[in-house]
Amino acid sequence: MAQEAIGPPPEETLSLWKREQALLKARVVDQDTEAWQRDPAFAGLQRVGGVDVSFVKGDSVRACASLVVLSYPELEVLYEDSRLVHLTAPYLSGFLAFREAPFLADAVRRLREEAPSLAPQVLLVDGNGVLHPRGFGVACHLGVLTDLPCVGVAKKLLQVDGLEKDALHQDQIRLLRAGGDSFPLTGRSGAVLGRALRSHDGSSKPLYISVGHKMSLETAVRLTRSCCRFRVPEPVRQADIRSRDFIRRTLGAPPPAPGRERAQRPKARPTGGPGGPSGEDRAPAAHSPGPSTPAEAPAPGAQEQ
DNA sequence: GCGACAG
DNA sequence: ATCTTGTCGC
């Protein structure tokens, strides 16, 4: 009994969502609020969180929400919480938070009550912050829900407020020569909504950084840059890797076919402990990262994606 | 009708 | 987001 597919939300729901965004938007703080944010070396920053949600191919409901916490500046995984969730909202550009944020905020809440000492001091979010049609992307949304400083890290430019991926934009990208180089994303309204950042020497495709909450744009860019071993900042990258890995080993082959289906073939791999972890929702609300942390090296010619 | 469309 | 292997370069 696969969960029912999520259909397009009623026009009425969209109105409610827009109202909700407008309401929460008033709570966004777009300036640095923490001492470490002012420090040139981010002294005082010890834990950076990353979140992401991965999906099951032919399934519009099941997904894996992950929250990881990395040490700073080492960028080693200190904590991971990946679990299967049942989505209730469809993906709609401009309303991503209503689909993913609730589960991510839940993960933060759990961590805070189960291991407060491992709670992140800032969150890097896969998606936009104020670089959004109504100035309130998922990074802002999650920031307000958790009251944590948040950074919006998008891999694609959302063309809003006159921003375009035109020839001029492409030229500006070509001018980004080294990791750390960036240029402002100024809307026709004159407001700087974010910055395109070359996160790594070996990555020509920029990241689109914007303020989520409790942070200035300059700090958001500098922090993102300092968390990059590869194009995507390590916290988000680890959350992405782990959430999709969770799905891969939990739901190996999505849907066989409509008709019959036979018993599964027990792969030569134990499911885990005595309890029987292959259950529905709950999942290895893992703690320690285990000794299997890649510990890769900053390859000069690494481009990814 | 055309184009845009974070994840 | 997901569908996907090998391949070129250091």
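Bear in mind the structure is a predicted one, so any value in this text is a computation, not a measurement. Per chain, numbering begins at 1; letters A, B, ... match sequence-line order.
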Interatomic distance where CG belongs to Leu96(A) and C1' belongs to dA1(C) [whole Å]:
10 Å

Matching residue for Leu123(A) among Val151(A), Val48(A), Leu104(A), Leu67(A) - test: side-chain contact (heavy atoms from CB on, under 4.5 Å)
Leu67(A)

Under 4.0 Å between any heavy atoms, over every strand shown, what does Gly152(A) touch: base, sugar-phosphate, or nothing? Just pick one.
nothing

Atom CD of Glu113(A) with >12 non-hydrogen neighbours under 6.0 angstrom:
yes

Taking CG from Asp201(A) and C1' from dC10(C), how many angstroms apart are they, rounded to a whole number?
14 Å

Within 45° of the ring axis of Phe42(A) and under 6.0 Å from its six-membered ring centre, is that where the NZ or CZ of Arg222(A) lies?
yes

Is a salt bridge present between Asp240(A) and Arg237(A), judged by a nitrogen-to-oxygen distance below 4.0 Å?
no

Interatomic distance, Arg248(A) CZ vs dA1(C) P [rounded to whole Å]:
17 Å

Does the side chain of Arg244(A) get closer than 4.0 angstrom to OP1 or OP2 of dT2(C) through an N or O atom?
yes

Gln21(A) vs Lys25(A), test: side chain to side chain contact (heavy atoms under 4.5 Å, CB included). Steps then yes/no.
CA-CA 6 Å; Gln21(A) 293 181 319; Lys25(A) 176 173 163 43; 5.8 Å; no

Within the 4.0 Å heavy-atom criterion, would you say Tyr91(A) contacts the bases, only the backbone, or no part of the nucleic acid?
base

Describe the nucleic acid contact of Val138(A) in one word from base, sugar-phosphate, nothing, applying a heavy-atom distance below 4.0 Å.
base

Can you list every stem that DNA chain C is part of, counting only runs of 3 or more consecutive Watson-Crick or G-U wobble pairs with both distances under 3.5 Å?
none

What does Phe95(A) touch in the nucleic acid at a heavy-atom separation under 4.0 angstrom: a base, only the sugar-phosphate, or nothing?
base

salt_bridge(Lys214(A), Asp147(A)) N-O dist < 4.0 Å:
yes

Would you indicate whether Glu11(A), at its atom CD, is surrounded by more than 12 heavy atoms from other residues, nucleotides or ligands within a distance under 6.0 Å?
no

From the 5' end of DNA chain B to its 3' end, which nucleotides mark the outer limits of contact with chain A, defined by a 4.0 Å heavy-atom distance cut-off (strictly under)?
dA4(B) to dG7(B)

Under a 4.0 Å N-O cut-off, is there an ion pair linking Arg242(A) with Asp245(A)?
no

Answer yes or no on whether Arg134(A) is positioned over the face of Phe95(A), meaning its NZ or CZ is under 6.0 Å from the six-membered ring centre and within 45° of the axis.
yes

Looking across every strand, which nucleic acid part, if any, lies under 4.0 Å from Asn128(A) by heavy atom: base, sugar-phosphate, or nothing?
base

